[in-house]
> 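Below is a structure I'd like to ask you about.
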2 protein chains.
Amino acid sequence: MWYMSAARDPRSALVERAIDHLAEHGTTDLTLRGLAAGLGTSHRMLIYHFGSKDGLLVAVAREMERRQLAALAALREAPGADAGQVMRGMYRHLHDPALAPYMRLFFELYGRALRADEATRPMLAGVVESWLEPLVEFVTAAGVPPDEAAADARLCLAVARGLALDWLATGDDAALDAAAERFFTGLEQRWRDADRN
Amino acid sequence: MWYMSAARDPRSALVERAIDHLAEHGTTDLTLRGLAAGLGTSHRMLIYHFGSKDGLLVAVAREMERRQLAALAALREAPGADAGQVMRGMYRHLHDPALAPYMRLFFELYGRALRADEATRPMLAGVVESWLEPLVEFVTAAGVPPDEAAADARLCLAVARGLALDWLATGDDAALDAAAERFFTGLEQRWRDADRN
DNA sequence: TGGTACATGTACCATGTGGTACATGTCAGC
DNA sequence: GCTGACATGTACCACATGGTACATGTACCA
């Protein structure tokens with residue numbers, strides 16, 4: 001079975017492929033049998049590896065969070081491009097059509113986690129905080145004083161998520177690019193002003 | 001039964017009370033029997049009035065959209081306050097703790113609608129567009145040229161939703177107020193600049 | 001008074017669900 | 001080659017689900 005996925009153990013392989021399946025079909029109509037059929041295994045195996053349906057969702061949420069943190073780490077080690085380039089690169093990355101199903105899944109799990117949902121709530125802890133730290137670092141590097149940098153970082157995250165929600169609903173790339181650009185230029189303007197003082 | 005709700009017909013009354021119930025308990029574990037018990041009726045009645053579980057969700061999504069549009073209309077007829085006051089008032093309104101369960105439900109339905117979910121997808125059409133028009137009007141009134149106003153309006157919507165997502169996850173009012181304020185002052189700054197030309 | 005449309009309740013059904021019991025396969029290390 | 005741990009498959013179960021059949025109530029209008 002190892003050749004079926006990059007993962008080294010069958011459980012991880014199942015999680016990875018389950019994420020693909022959920023990204024495509026959503027979580028609302030999820031059944032162990034349906035998922036197992038899509039993965040070419042039996043629902044018995046899912047129970048065996050994850051203990052329960054909730055256990056599976058926990059694993060999926062954890063892996064989603066892990067991937068986000070990995071993407072973030074990659075962002076951190078970006079070449080010494082200027083802040084504007086990094087921001088725009090990140091924006092383009094988040095709006096890659098190939099990523100759309102995963103973005104949808106992310107928001108689906110996010111919404112689920114906002115309930116007292118045992119399975120996905122662990123995701124909630126890091127969903128904002130873990131993004132904030134590197135963003136603050138990034139904004140500070142652009143010359144913003146620390147106290148204002150925290151607010152700017154939070155704002156950047158909100159804009160990224162808000163625009164992504166819009167994008168998933170409307171798919172209006174041109175309008176969204178314009179809105180994003182408007183935000184970026186405004187930010188750059190203010191950062192330049194801050195630099196001058 | 002009429003006294004049980006402000007609605008004039010039992011179906012509307014059921015929808016209104018169903019929204020309250022879903023706002024509190026979420027939609028993921030929704031069952032007709034559970035909902036009916038919470039509403040003091042039988043699951044037979046829900047089928048009778050809405051045809052099916054999906055029909056019920058359609059009605060809920062429609063009513064949620066109707067309420068949003070009503071809130072928007074109220075915003076439109078706001079007294080002649082200056083743009084900054086209106087924005088801040090809207091922000092405070094959206095972050096009213098009493099509204100949080102409904103915000104959660106909104107994002108839950110939003111996430112559902114992002115799938116090809118027949119029940120909630122109708123909501124998707126208006127979820128961005130119907131907010132845009134009055135926002136554009138508002139931004140234009142603040143002195144922004146029309147072509148830029150569209151982008152600003154879209155950005156405002158994204159910020160509102162993005163910050164709301166953050167708020168529902170973290171509840172960190174102080175940090176969110178700071179981020180919002182940062183956005184508002186930046187916007188005002190730019191609007192002032194535009195006015196000067 | 002009778003009838004008609006709406007509303008509600010009771011009982012039921014077929015189906016699919018998550019989860020379990022248990023037997024079997026696979027393969028590394030002794 | 002035997003053993004034991006991991007992995008997988010088959011068959012099954014109790015249960016809750018969405019939906020239906022049908023009888024009943026209620027209120028208004030002729």
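These numbers were taken from a predicted model, which means no experiment stands behind them. Residue numbers start from 1 in every chain, and the chains themselves are labelled A, B, ... in the order their sequence lines are given, proteins ahead of strands.
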> A/M45 CE to D/dC6 P: how many Å, rounded?
14 Å

> Taking the side chain as everything from C-beta on, heavy atoms only, tell me whether A/L163 gets closer than 4.5 Å to A/F183.
no

> Rounded to whole Å, how long is the line connecting atom CG of A/L35 with atom P of C/dT17?
12 Å

> Without decimals, in angstroms, what is the distance between B/H49 NE2 and C/dT8 C1'?
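So the NE2-C1' distance, B/H49 to C/dT8, works out to 8 Å.
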
> Does A/H43 make a side-chain N or O approach to OP1 or OP2 of C/dG16 shorter than 4.0 Å?
no

> Output the rounded distance in Å from CG (A/D29) to P (C/dG16).
14 Å

> What is the distance, to the nearest angstrom, from the CZ atom on B/F50 to the P atom on C/dT8?
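These atoms are roughly 11 Å apart.
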
> Could you state the atom-to-atom distance from NZ of A/K53 to P of D/dA16 in whole Å?
15 Å

> Is the distance from OP1 or OP2 of C/dA7 to the nearest side-chain N or O of B/Y48 less than 4.0 Å?
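For C/dA7, OP1 or OP2 has a side-chain N or O of B/Y48 closer than 4.0 Å.
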
> Distance check, rounded to the nearest 0.5 Å: B/R112 atom CZ versus A/D29 atom CG?
7.0 Å

> Can a donor-acceptor pair be found, under 3.5 Å and without considering hydrogens, that links the side chain of B/Q68 to the backbone of B/V127?
no

> Whole Å only: how far is the CG atom of B/L32 from the P atom of D/dG19?
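It is 6 Å, rounded to the nearest whole Å.
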
> Under 4.0 Å between a side-chain N or O of B/S42 and OP1 or OP2 of C/dG9?
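Yes.
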
> Tell me the interatomic distance from B/D9, atom CG, to C/dA7, atom C1', rounded to whole angstroms.
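Nearest whole value for this atom pair: 12 Å.
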
> Reckon A/T41 has a side-chain N or O less than 4.0 Å from the OP1 or OP2 of D/dG9?
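The answer is yes; a side-chain N or O of A/T41 sits under 4.0 Å from OP1 or OP2.
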
> For DNA chain D, produce a single dot-bracket line, 5' to 3'. Pairs: Watson-Crick or G-U wobble, both distances under 3.5 Å. Symbols: ( ) within strand, [ ] crossing, | other strand, . unpaired.
||||||||||||||||||||||||||||||

> Using heavy-atom distances to pick each residue's nearest nucleotide on DNA chain D, tell me which of B/T31 and A/R44 is more 5'.
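So the residue in question is A/R44.
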
> Name the nucleic acid region contacted by B/I47, choosing base, sugar-phosphate or nothing; use a 4.0 angstrom heavy-atom cut-off, strictly under.
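Since a base atom lies under 4.0 Å of B/I47, the category is base.
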
> Hey, is the side chain of B/R33 pairing donor to acceptor with the base of D/dG18 inside 3.5 Å?
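Indeed there is one.
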
> Is it the case that B/W167 and B/D173 place a side-chain donor and acceptor less than 3.5 Å from each other?
yes

> Ring-plane angle category for B/F106 and B/Y110, please: parallel below 30°, perpendicular beyond 60°, tilted otherwise.
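Ring orientation of B/F106 relative to B/Y110: perpendicular.
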
> For residues B/C156 and B/L187, determine if any side-chain heavy atom of one lies less than 4.5 Å from a side-chain heavy atom of the other.
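The answer is yes; the side chains approach within 4.5 Å.
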
> Salt bridge between B/R67 and B/E63, side-chain N to carboxylate O under 4.0 Å?
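Salt bridge present between B/R67 and B/E63.
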
